[in-house]
Every structure is written in structure tokens, then in C-alpha cells.
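One is the number of the first residue; the rest follow in order along the sequence.
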Amino acid sequence: MTEVKRFYETFYPEHYDIYLDISREKKRFHGKTVVIGEAQEELVKLNQKYLKITSVRVDQKKADFNYNDKDEVINIEAGKVGKMKIEVDFEGKLTDTMMGIYPSYYEVDGEKKQLIGTQFETTFARQAFPCVDEPEAKATFALAIKFDEKPGESIISNQPEEKFKDGVHYFKPTLRMSSYLVAFVFGDMQRKLTKTKSGVEIGVFATRAHQAKELDFALDIAKRSIEFFEDFYETPYPLEHSYQVALPDFSAGAMENWGCVTYREAYLLLDPDNTSLEMKQLVATVIAHELAHQWFGDLVTMKWWDNLWLNESFANMMEYVAIDALEPNWKIWEMFQTSEVPAALQRDATDGVQSVHVMVNNPAEIDALFDSAIVYAKGSRMLVMVRALLGDEALREGLKNYFAAHKYGNATGDDLWKALGEASGLDIGAIMHSWLEQPGYPVVNAKVEDGKLVLTQKQFFIGEGKEVGRKWQIPLNSNYAAVPKIMKDEKLVVGDYADLIADNGVPFRLNVGNNSDFIVKYDKTLLDDILNHIDELDAVDKLQLLQDFRLLAEGGHMSYADIVPLLPKFADSTSPIVNNALYRIMTTLRNFVTPDSKEEKDLKKLYNLLSEKQVKRLGLLPKAGESNDDNLTRPYVVAASLYAGNDETINGLHTIYSENSDNLEGISADIRSAVLVNEVKNFGNMTLFDKLLKKYQETSDASLKQDLCAGITSTKMPEIIDAIVDDFENSEIIKPQDLRAWYRNVLANPFGQEQAWNWIRLEWPWLEATVGGDMEFATFITVTANIFHTEERLNQFKDFFEPKINTPGLTREIKMDTKVIETKVNLVKKEQSAVNAAIAKAVD
């Protein structure tokens with residue numbers, strides 16, 4: 001696709017009146033856009049895609065026009081410049097791609113129904129109505145919508161409904177905002193409403209396939225999040241309502257449409273009586289993320305997509321700030337350490353990764369910017385560093401001023417740094433540019449040289465990487481006062497090591513709290529000192545050691561064989577985040593063994609050695625009054641024990657299933673996934689498969705659906721694998737939004753990998769037609785690369801994907817993921833014998 005000139009350069013929209021008449025039965029709509037704005041040139045360009053334009057008028061006179069989908073444009077011969085009113089009549093189709101205006105499908109009591117919703121980010125508003133579909137082209141929008149309405153149905157949008165006349169729902173004009181934030185949903189919905197202290201109406205909406213109680217958790221979190229953000233930002237929420245809407249079909253996790261936030265059902269609705277704490281934490285952070293956007297992204301919007309991080313990185317940090325304030329007992333920042341941090345560090349170490357701030361012009365490549373590990377995870381890690389440097393007082397003052405200066409408008413990263421710098425007196429932009437404008441991150445080598453403690457920084461790579469002399473301004477966060485706050489140079493001599501350790505009395509450490517975006521390689525002297533005092537470290541300290549060990553081993557700075565004997569030191573930790581890091585390493589060790597080999601048997605013994613005491617301590621089922629840490633640790637150690645083939649665990653889980661086989665909802669959600677995996681893996685047959693798949697289709701409980709997917713896909717039986725893969729394209733069973741999870745699970749199963757891999761190669765055109773052009777599409781490549789680790793699979797991956805390398809939006813992903821697999825293949829070749837020897841020795 002040719003690069004498209006930004007249309008905002010030719011026309012500044014001020015207000016839209018948009019009329020849509022939508023037929024679900026015909027899957028079509030027709031409508032009219034009336035836009036008032038100011039033309040800068042006589043040729044006015046509006047965006048459209050897949051619309052049929054039937055007439056155009058400028059100031060009530062017919063105007064010549066042409067349009068095409070290739071450039072996503074209507075060219076209008078306005079014949080003049082200046083203020084004007086443009087009217088466009090058009091027709092369009094509802095999509096089944098979860099973009100534009102589209103139906104969500106669901107069943108209630110066996111009756112098939114639809115909920116119609118919208119997804120306009122990034123560039124899909126143009127599929128619903130002609131507009132200048134760019135973030136900077138902010139305007140007010142007045143929607144009038146007619147649809148084939150049935151008794152009991154309702155419609156909601158960004159603003160409250162103003163009137164209903166002749167079958168048309170008229171909504172109040174929006175505040176000034178970007179086109180991608182326009183939203184509406186209609187159909188048969190249940191709702192629950194409440195109000196914030198400041199009078200904002202909070203609503204949660206869902207289909208009637210759900211129990212009413214499933215809306216309660218979201219209603220509470222949404223209400224308290226809005227109240228928190230109004231206080232933290234010191235800026236009122238500017239709309240009358242904040243509606244949260246669960247859509248049965250939704251490609252992403254959620255979308256921050258101003259006042260009408262849409263969600264995948266799994267990330268909004270939950271059963272308050274039986275949902276794991278981990279799932280509650282996830283749902284709460286998703287809701288808080290979207291509501292953080294109501295200011296950061298909606299009230300003030302990035303000027304162009306290159307500053308996407310300004311929206312997403314900030315919302316990603318603020319979700320944790322908010323939930324930490326609302327639910328302090330959850331220790332939600334620990335979740336940040338096990339989700340955002342490793343995702344960022346893993347992805348950002350591959351040469352060729354995008355920087356957080358990256359230029360883009362081609363609309364087809366905008367979706368590729370939504371790299372969750374970089375724009376979300378790394379970006380939020382950058383802002384956590386900023387928050388630590390500034391403190392909350394200066395951060396809040398800066399944000400208040402930022403919102404006041406740019407509300408209802410657009411901003412760039414430099415605007416944010418200016419506001420924060422003025423509030424804090426720090427040149428925060430100078431520090432942050434080194435992190436945002438260049439990809440990657442440093443490894444800081446800490447060693448004792450000639451009696452001196454010396455630090456050096458260098459870019460860290462997993463696999464081959466081209467050293468180009470990048471340097472960062474690193475907040476070192478040391479536990480020694482003699483170490484400066486910021487390391488700007490390549491090398492830093494701290495001082496005499498003997499004097500330093502005598503003065504401090506504790507082992508030397510960097511990046512205390514693991515909040516700065518770098519990893520540390522300690523020399524033997526420094527590392528031995530830390531390991532000799534390991535019992536004095538807190539949970540984050542231990543997680544950080546394991547995290548850095550794993551990355552250093554993958555980057556060739558140390559050997560996995562040297563890590564194996566250290567693992568028992570961490571096995572008795574009662575912290576879920578330490579167990580997360582421990583079993584992340586253990587999962588990687590599976591790459592070094594062949595299924596059913598002697599080496600795998602030894603690895604299973606190591607799994608058992610590390611997990612057995614913990615499983616005995618905790619038991620298989622949650623206990624009344626147990627700590628959150630124990631509750632969150634159990635799934636890690638039970639899954640490890642299950643992989644180890646521990647008979648007590650296998651039989652115990654089987655008993656739990658047998659006692660609840662007709663009431664799967666009744667199995668504790670904390671352990672249900674392991675129960676179902678065990679049952680299918682060790683006691684499975686076709687009858688069980690049919691039963692679980694039927695349950696998967698019938699239940700509306702998203703958490704139970706995920707557990708059933710995990711269980712069903714763990715089968716060892718070839719005929720069941722074939723039956724699962726046959727259902728990949730049956731949307732009556734597996735919705736396209738859920739397909740990636742099913743594909744990934746079967747691919748990760750050694751007994752199903754061949755079938756899943758054959759399917760994606762044979763059915764790529766179908767996959768592209770079904771989810772192509774969506775920001776999730778490229779992640780099918782990512783999950784494939786994350787699993788493959790053999791030379792045979794590497795060659796097959798290259799044979800299949802290299803011919804697609806010039807596909808817009810896939811280029812970077814294919815190049816990077818090829819490197820990801822190559823790196824794993826080379827690492828296994830180099831270290832396999834040493835690693836397996838270390839495992840054998842550990843279990844002797």
C-alpha cells in the first residue's frame with residue numbers, strides 16, 4: 001500500500017452529525033455523515049473503507065467526488081477553501097472481523113442472538129462512516145441510530161440518549177474527541193448502575209447469557225477506579241457516564257471508547273463466588289487500565305500513532321497504581337513483576353525490536369505498533385522509573401498541568417516531559433529519551449577489579465545482536481549510598497570494594513526493587529556474597545536474581561548448567577512471584593530434553609524435588625483463611641508436581657474431578673485448570689472429550705471456558721487432537737477471538753504439535769481472511785516462535801514465513817521471531833549435554 005498523506009492537512013473537522021440505519025438481518029447499513037469543518041485546499045479528502053458512496057454535497061450543492069478502498073479515501077471537489085458543510089450519503093456492510101460495526105454471537109436458552117458493537121481503533125471508524133479518521137482530527141460527534149429493534153432491546157453510546165423519535169435514537173453530542181473513540185452497542189442487554197461520589201453514572205452491561213451477579217465485581221472496581229483517578233489526576237471525569245460493556249466477540253482485551261468502554265467478556269464479568277484471585281486481579285487491572293485512558297488517551301490524545309506509547313504505557317502503569325490503592329492486600333505490583341517485566345525484558349533483547357517511540361505512516365502498519373511487550377510492558381516500566389525519580393507529588397502536579405494544557409486536544413511525549421519537568425525541576429526528557437527513542441536495554445556488569453568496584457554498561461542481546469554503542473541514563477537504585485543515582489557513562493568506578501562492604505555490612509546490589517529497566521551480571525565474588533545471604537533477601541530480590549539468571553543464560557553470559565544447582569535455594573519460598581520465576585526457568589529447561597527420554601525423566605525428578613514439599617504444605621485445595629501468597633503459589637507447585645508425574649498429585653486431582661464430574665463449576669477455580677488437565681492427560685478418552693467440549697460450548701463463564709480449553713488441549717490421543725484441530729475453523733465451537741489460545745495450547749503439546757503446525761500452514765489464507773488486518777493477527781506468529789526450539793521446526797518456520805516477509809504489519813514480527821527460534825536452537829546445541837548432566841547430578 002502506498003503511503004497516504006494525512007488528511008487532517010487538507011480538512012479540519014469541527015462537528016459531525018452521523019445518521020446510521022442498521023439491519024442485522026441483512027448485515028447492512030446505510031447512513032449520512034454531515035461534517036462542518038474548514039478546508040485548507042479545494043480538494044478535500046475524507047477517509048472511507050469498504051463503503052459505497054452514493055452522493056456528496058458541499059454547502060447543499062452536489063459536488064464531484066471519487067473514492068477507492070486502496071487509499072481509503074473519498075476525494076471531494078469542494079471548489080473552495082474555508083468553512084463548509086459536507087454531506088455524504090453512503091452504504092456499508094456489517095463485518096465478521098470484529099472491526100468496524102460488527103455482530104457478536106451468543107446463545108440464551110438455546111436461542112441464537114446477536115449484540116451489535118463497534119471497534120474503531122486503530123483505523124476502522126472509516127468502515128462505519130466517512131470522516132477524517134486520524135487522532136489529531138478531533139471533533140464533536142452527534143449520533144442518530146436506527147436499527148431493527150425488538151421489544152426489550154436497548155442502545156448505548158459515548159453520551160446519554162437525548163431523544164427517541166420515529167424509531168431513531170438521538171444521542172447528545174460528544175465532547176471534542178478522536179474518531180476512533182466513537183462507540184455504540186445495541187441489543188438485548190442487562191445492566192447494573194451506580195454513581196460515583198462526584199455524580200458520574202457507572203454502568204456494567206452484558207448479554208442475558210450471564211448471571212446478574214457476574215456484573216457486580218466490575219461495577220465496584222469501575223466506580224472506585226473513576227473516583228481514584230479523579231483524585232489522583234486532580235482533574236474531574238468530564239462525561240456524564242462511564243459504561244463498561246461486555247461483548248461476546250472481541251478481538252483485543254478491551255477498548256477505551258470515551259464513556260462506552262468495550263471488553264472481551266473474560267476481562268469484565270466474573271462469578272464472585274468462584275473465581276481465582278489471579279483472575280480477579282487480571283479483570284481489575286484491565287478495567288483500571290481502560291478507565292485510566294479516559295484521561296490519558298481520550299481527554300488528551302496522542303497527536304499521531306508514533307506516540308501510541310503516550311496512551312498505552314501510561315494507562316498500563318496507572319492500572320497498577322489504581323488497583324494498589326483500591327486493594328492494597330493484593331500486592332498488585334508483584335503481578336507487574338511477573339507479567340509486564342519479563343515480557344518487556346524478553347522481547348526487548350532481540351535485535352531488530354521496535355523502540356517504544358517509533359515512526360509510522362502507512363495505515364496498514366499502524367496495528368503492528370501494538371507490540372504489547374514494548375508499547376505496553378516496556379513503556380510502563382519506563383514510567384515506573386519516572387515515578388520513582390519524581391515521587392507522586394511531582395507526578396500528580398505535572399499530570400494536572402498536562403491535562404489542563406492539552407484537554408480536548410492532542411499531545412506528544414515531549415509535552416508530557418515538559419509538564420513533569422516543570423513540576424519536579426528535573427530534566428526528565430533528557431533521561432527518558434535514551435529509553436524511548438532507542439530499542440533494547442543494558443546489562444550492567446558489576447565486578448571487583450584490582451580491589452575496586454567497577455560498573456560497566458552494554459546493550460544486552462539474546463542471540464546475535466549488532467553492537468552500535470548505545471548508552472542509557474540508568475537509574476541504578478543501589479543499596480550502597482556511594483553509587484550515584486544515574487549512570488550516564490559506559491564505565492563507572494565506585495570505589496574500594498573492601499571499604500564499601502565494610503561500611504555497608506551487606507552484599508552489594510543494584511536495581512533494588514527491580515523497577516529500572518536493566519539486568520545485572522555480578523562477578524563470582526559479588527554473586528557468592530549475595531547467595532550466601534539469600535535468606536535475607538525479600539521476594540522481589542529473589543525474583544530478580546532468577547529473572548537475571550535466566551536472561552543471562554539465554555544471552556550466553558552464563559550457563560543454564562550453572563543455574564540448575566542454585567534452584568533448590570528458591571524452592572521453599574512461600575512467595576508466588578519467586579515460584580513464578582523459578583518455574584519459568586524450569587519450563588525453559590524442557591527445551592533441552594526430548595519427550596519420554598531418560599533426560600526428561602531426570603527433569604521430572606527435579607520438578608518433583610522442587611515441588612513435593614510445597615504441595616504437601618499447601619494441599620491441593622484452598623483452605624479457609626489461608627494467605628493470598630499461599631493461594632497464588634498453589635497453581636505453580638501443583639502444575640509442577642503434575643508434570644513430574646507425582647502419583648499422589650495425579651490421584652488427588654482425579655478424586656477432585658470424580659467428586660465434581662457433574663458440577664465442574666463447583667471445582668475451586670484456583671485449581672480447576674490443573675484438575676481438568678490431569679483428567680484429560682491421565683484418564684482421558686473420547687467420551688470425556690465430548691463431555692468437556694459440550695460444556696465449553698454451553699457455559700458463559702469465561703474463566704471456566706479457559707480452564708476447559710487448557711484441559712481439552714492437553715490430551716495425548718491423536719484422534720482427539722484431530723477432532724480439536726477440525727474445530728479450529730468452526731466458530732460455533734471456537735470463536736475466532738479464542739482461536740489463538742487453542743492453537744497455542746495444541747502446538748505446545750508434544751502430542752499435538754505436528755497437527756497444529758500443519759493446520760496453520762494449510763489454512764493461512766483462511767486465518768488471514770478471518771483475523772487479518774487486526775492487531776492480534778501477528779501474534780499467531782509470535783506464539784509459534786515462542787514454542788519452537790528445534791532445527792527442524794526452525795527450517796520449516798523459515799520456509800513458510802520468509803515468503804511472507806514483505807506483508808505490511810508482519811515484516812518485523814517474522815524477522816524477529818526467526819531470530820527467537822534460531823537463538824533457542826543454538827543454545828540447546830551448545831548447552832544440552834552440560835544442562836542434562838547438571839540435572840542428573842541434582843537428582844542423584
Side-chain angles (χ1 to χ4, degrees), residues 278 331 334 337-338 341-342 507 514 522 527-554 558-593 599-623 626-650 652-653 670-671 674 834-844:
E278 184 179 28
K331 298 191 283 190
E334 291 195 349
Q337 293 286 356
T338 58
V341 173
N514 200 33
Y522 299 101
L527 182 58
D528 285 348
D529 205 8
I530 293 169
L531 293 173
N532 288 337
H533 294 79
I534 197 162
D535 293 338
E536 296 161 27
L537 300 181
D538 67 18
V540 173
D541 296 336
K542 289 179 181 177
L543 166 138
Q544 183 189 19
L545 276 178
L546 289 167
Q547 158 203 287
D548 288 5
F549 288 164
R550 179 178 59 80
L551 291 162
L552 290 167
E554 295 193 10
M558 67 186 295
S559 169
Y560 268 114
D562 294 331
I563 297 174
V564 168
L566 303 177
L567 299 180
K569 292 177 182 287
F570 300 87
D572 294 335
S573 173
T574 58
S575 164
I577 66 171
V578 176
N579 282 284
N580 174 287
L582 172 65
Y583 288 108
R584 195 180 286 260
I585 289 174
M586 292 299 293
T587 300
T588 305
L589 294 181
R590 296 192 204 184
N591 290 349
F592 294 90
V593 302
E599 289 78 15
E600 192 188 33
K601 289 184 175 69
D602 284 343
L603 180 60
K604 287 183 175 184
K605 285 180 189 172
L606 181 57
Y607 264 87
N608 199 55
L609 181 76
L610 297 177
S611 62
E612 194 169 26
K613 273 170 65 179
Q614 289 271 43
V615 175
K616 280 192 171 132
R617 177 180 76 84
L618 294 167
L620 294 177
L621 288 168
K623 302 178 184 73
E626 74 180 358
S627 69
N628 286 346
D629 279 0
D630 282 350
N631 184 274
L632 292 168
T633 294
R634 181 179 289 103
Y636 293 118
V637 297
V638 170
S641 185
L642 186 53
Y643 174 74
N646 183 290
D647 286 338
E648 278 187 46
T649 300
I650 289 170
L653 293 172
D670 296 286
I671 200 69
V835 169
N836 287 327
I839 293 169
K841 186 176 178 185
V843 297
D844 258 358

| Distance-minimising heavy-atom pair for N579 and A571 | OD1-O, 4.4 Å
| said: Is it the case that over 12 heavy atoms from other parts of the model lie below 6.0 angstrom from the NZ atom of K623? | reply: yes
| request: Taking the side chain as every heavy atom from C-beta outward, state whether E599 and F592 have any pair of such atoms under 4.5 Å apart. | output: no
| field | pair N836-D602: side-chain heavy atoms closer than 4.5 Å | value | no
| field | Value rounded to 0.5 Å, distance of CG in L566 from CE in M558 | value | 6.5 Å
| task | May I ask you to test the Y522-L531 pair for a side-chain heavy-atom distance under 4.5 Å? | result | no
| said: Using the rule given for side-chain contact (heavy atoms from CB on, under 4.5 Å), can you reason through E536 versus D541, listing the C-alpha separation, both sets of side-chain angles and the distance that settles it, and then say yes or no? | reply: CA-CA 9 Å; E536 296 161 27; D541 296 336; over 6 Å; no
| Is the backbone N or O of L618 less than 3.5 Å from a side-chain atom of R634, with the two atoms forming a donor-acceptor pair by type? | yes
| request: Taking all heavy atoms of I577 and all of L543, pick out the closest pair and write down the distance. | output: O-CD1, 3.4 Å
| message | So which atom in L609 and which in A842 form the shortest heavy-atom distance, rounded to 0.1 Å? | response | CD2-O, 3.9 Å
| said: How long is the straight-line distance from OH of Y560 back to CZ of R550, given to the nearest 0.5 Å? | reply: 6.0 Å
| message | Please determine whether the number of non-hydrogen atoms from other residues, nucleotides or ligands lying under 6.0 Å from atom CD of E648 exceeds 12. | response | no
| query | Would you call R617-D572 a salt bridge at under 4.0 Å N-O? | reply | no
| query | Mind checking whether Y636 and Y583 have ring centres under 6.0 Å apart? | reply | no
| note | Closest heavy-atom pair, S611 versus A640, reported as atoms and distance to 0.1 Å, is CB-CB, 3.9 Å
| task | Would you indicate whether the side-chain heavy atoms of V564 and L606 approach each other to under 4.5 Å? | result | yes
| message | Can you confirm whether T587 sits close enough to Y643 that some side-chain heavy atom of one is under 4.5 Å from a side-chain heavy atom of the other? | response | no
| Spatial distance of atom CG (L632) from atom OG1 (T574) [nearest 0.5 Å] | 11.5 Å
| request: List the atom of I563, the atom of A553, and the distance in Å for their closest heavy-atom pair. | output: CD1-CB, 3.7 Å
| query | Is there side-chain contact between L537 and I530, with heavy atoms separated by less than 4.5 Å? | reply | yes
| task | Could you tell me whether a side-chain N or O of N580 sits under 3.5 Å from a main-chain N or O of P576, the two making a donor and an acceptor? | result | no
| query | Is T588 reaching over with its side chain to a backbone N or O of R584, donor-acceptor style, under 3.5 angstrom? | reply | yes
| Any side-chain heavy atom of L567 sitting closer than 4.5 Å to one from L582? | yes
| field | Side-chain donor or acceptor of Y607 paired with backbone N/O of M586 under 3.5 Å | value | yes
| Are the side chain of Q337 and the backbone of Q544 linked by a donor-acceptor contact shorter than 3.5 Å? | no
| field | Gap between atom CD of E334 and atom CG of D629 - 0.5 Å precision | value | 6.0 Å
| Does the side chain of N646 reach to within under 4.5 Å of the side chain of V615, using non-hydrogen atoms? | no
| message | For K542 versus I534, what's the shortest heavy-atom pair and its separation? | response | CE-O, 3.3 Å
| note | Between the CG atom in L527 and the CG atom in N532, the distance rounded to the nearest 0.5 Å is 9.5 Å
| task | Drop me the distance from L653's CG to L621's CG, to the nearest 0.5 angstrom. | result | 8.5 Å
